[in-house]
*Asks:* 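This structure is in structure tokens; I'll ask about it shortly.
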Amino acid sequence: MRIDVLTLFPRMFEGPLTESILGKAIDKELLDVHVRNFRDFSTNKHQQVDDYPYGGGAGMLLKVQPIHDALTFIKEDVRTQPRVILLDPAGKPFNQEMAEDFSEEEHLVFICGHYEGYDERIRSLVTDEVSLGDYVLTGGELGAMVMIDATVRLLPEVLGNDESAKTDSHSTGLLEHPQYTRPANYEGMEVPHVLTNGNHKLIAEWQLKESLRRTFLRRPDMLESLEMTKEMEKLLEEVKKEEKSI
């Protein structure tokens, strides 16, 4: 996968994109990242990338010209039609499904905004307008880093175990069940016996039930859109009765 990032602060990406899983993906040549300062594409003699809005208003807007020319340069360089993602508080909220969708693409471009917003014509140049959440950051850089991380870890061979991504919270539609490692008893805190008895069927049932329990208690909204099997419905009813009696 190739990822281009258009930003006014390219140094912000120097560490996060070279460490941990992302760094390993680059080393394995599974990921090719290019971070560009779109100020370099400004035709203004002072390399200005923002201006006052027509009609008045607070703050400055990013101009369309530097963004347009930067995207044109990238497309001509690679000769592809990338998926272009505009980081915008008014965009569609980012989630795991979107990360999975992005991971199927060969080429992504992230545009990191600043100031009070965008010249509206910039939106005609993108394929997606995405928000990290219902809050406003000083710029799109941190949001782009989060989206890149969530997307790249889903690429084949990026994680040491490809099954890890498939069983993550949100990938299955449920929050992940509790997990434990050795020792089985630490200062009186014991691992549930079912996980140490070697019965894989009972272990799988316990894991599913505890995923349902955690989702029911912490994110009940997720259950509303989940396609339930009969086994899941049965286990969820058990969870509700158990939690009600506590």
Side-chain angles (χ1 to χ4, degrees), residues 1-23 25-26 31-75 77-78 82-96 98-99 101-103 105 107-153:
M1 170 182 279
R2 171 170 171 144
I3 292 178
D4 284 85
V5 180
L6 298 181
T7 173
L8 293 174
F9 301 98
R11 288 177 57 188
M12 289 183 67
F13 292 86
E14 290 178 1
L17 295 185
T18 59
E19 298 291 339
S20 188
I21 297 297
L22 293 180
I26 292 172
L31 177 65
D32 184 21
V33 179
H34 300 262
V35 181
R36 305 177 189 278
N37 189 333
F38 59 83
R39 191 181 298 279
D40 296 338
F41 294 88
S42 174
T43 57
N44 183 283
K45 66 179 181 179
H46 300 296
Q47 289 192 303
Q48 185 179 356
V49 296
D50 63 322
D51 209 338
Y52 294 103
Y54 280 115
M60 309 281 275
L61 300 179
L62 283 178
K63 299 170 66 174
V64 64
Q65 178 272 316
I67 299 293
H68 173 269
D69 288 4
L71 289 173
T72 299
F73 174 85
I74 290 169
K75 292 176 182 179
D77 181 46
V78 185
R83 190 159 181 177
V84 182
I85 301 150
L86 185 72
L87 278 293
D88 184 9
K92 185 177 179 181
F94 184 70
N95 58 23
Q96 186 67 23
M98 198 178 295
D101 191 24
F102 287 168
S103 72
E105 302 288 340
H107 188 189
L108 299 173
V109 178
F110 290 86
I111 302 175
C112 304
H114 269 271
Y115 309 111
E116 287 299 315
Y118 302 98
D119 182 309
E120 190 68 17
R121 290 166 291 188
I122 291 175
R123 300 183 192 279
S124 68
L125 307 176
V126 309
T127 57
D128 301 85
E129 298 177 33
V130 185
S131 168
L132 193 59
D134 293 335
Y135 47 88
V136 179
L137 299 172
T138 55
E141 284 76 15
L142 294 175
M145 292 177 202
V146 170
M147 294 178 195
I148 291 169
D149 185 279
T151 298
V152 170
R153 67 187 302 277

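Counting begins at 1 with the first residue of the sequence.
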*Asks:* So which heavy atom on Pro82 is nearest to which on Lys75, and how close?
*Replies:*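 Closest pair (atom of Pro82, atom of Lys75, distance): CD-CG, 3.8 Å.
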*Asks:* State, to 0.1 Å, how close Ile122 and Val64 come at their nearest heavy-atom pair, and which atoms those are.
*Replies:*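 Looking at all heavy atoms of both residues, the closest pair is CG1-CA, 3.7 Å.
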*Asks:* Is there side-chain contact between Leu86 and Val130, with at least one heavy-atom pair below 4.5 Å?
*Replies:*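 No - every pair of side-chain heavy atoms lies 4.5 Å or more apart.
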*Asks:* Is there a side-chain contact between Phe13 and Thr7 in this structure, where contact means two heavy atoms from C-beta onward sitting under 4.5 Å apart?
*Replies:*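 SC-SC contact between Phe13 and Thr7 confirmed.
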*Asks:* Any ion pair linking Arg83 and Asp128 (charged N to carboxylate O, less than 4.0 Å)?
*Replies:*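 Salt bridge: yes.
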*Asks:* Take atom CZ in Arg123; do more than 12 heavy atoms of anything else shown fall under 6.0 Å from it?
*Replies:*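 Yes, CZ of Arg123 has more than 12 neighbouring heavy atoms, counting only those of other groups under 6.0 Å.
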*Asks:* Please tell me whether His68 and Phe41 form a close aromatic pair, meaning their ring centres lie under 6.0 Å apart.
*Replies:*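 When the ring centroids of His68 and Phe41 are compared, they turn out to be at least 6.0 Å apart.
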*Asks:* Hey, are the side chains of Leu6 and Leu71 touching, using non-hydrogen atoms and a 4.5 Å cut-off?
*Replies:*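 Leu6 reaches Leu71 side chain to side chain.
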*Asks:* Thinking salt bridges, do Arg39 and Asp50 make one under a 4.0 Å N-O criterion?
*Replies:*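 No.
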*Asks:* At their closest point, which heavy atom of Arg36 faces which heavy atom of Phe73, and how far apart are they?
*Replies:*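 Taking every non-hydrogen atom into account, NH1-CE2, 3.3 Å.
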*Asks:* Going through the distances and angles, do Val49 and Tyr115 end up as a side chain to side chain contact (heavy atoms under 4.5 Å, CB included)?
*Replies:* CA-CA 10 Å; Val49 296; Tyr115 309 111; 4.2 Å; yes
*Asks:* Taking the side chain as every heavy atom from C-beta outward, state whether Gln65 and Ser42 have any atom pair closer than 4.5 Å.
*Replies:*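 Yes. Closest side-chain heavy atoms under 4.5 Å.
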*Asks:* What closest approach, in Å, do Pro53 and Leu61 show between heavy atoms, and which atom pair accounts for it?
*Replies:*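 Nearest heavy atoms, Pro53 then Leu61: CB-CD1, 3.7 Å.
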*Asks:* Do other residues, nucleotides or ligands put more than 12 heavy atoms under 6.0 Å from Tyr54 OH?
*Replies:*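 Open: at most 12 neighbouring heavy atoms sit under 6.0 Å from OH of Tyr54.
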*Asks:* Counting only heavy atoms not in Asp77 (residues, nucleotides, ligands), do more than 12 fall under 6.0 Å from its CG?
*Replies:*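 Counting neighbours around CG of Asp77, more than 12 heavy atoms of other residues, nucleotides or ligands fall under 6.0 Å, so yes.
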*Asks:* Could you verify whether a donor N or O on one side chain and an acceptor N or O on the other, from Asp4 and His107, lie under 3.5 Å apart?
*Replies:*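 The criterion, which ignores hydrogens and geometry beyond distance, is satisfied for His107 and Asp4.
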*Asks:* Would Cys112 and Leu8 count as a side chain to side chain contact (heavy atoms under 4.5 Å, CB included) here? Give the steps.
*Replies:* CA-CA 8 Å; Cys112 304; Leu8 293 174; over 6 Å; no
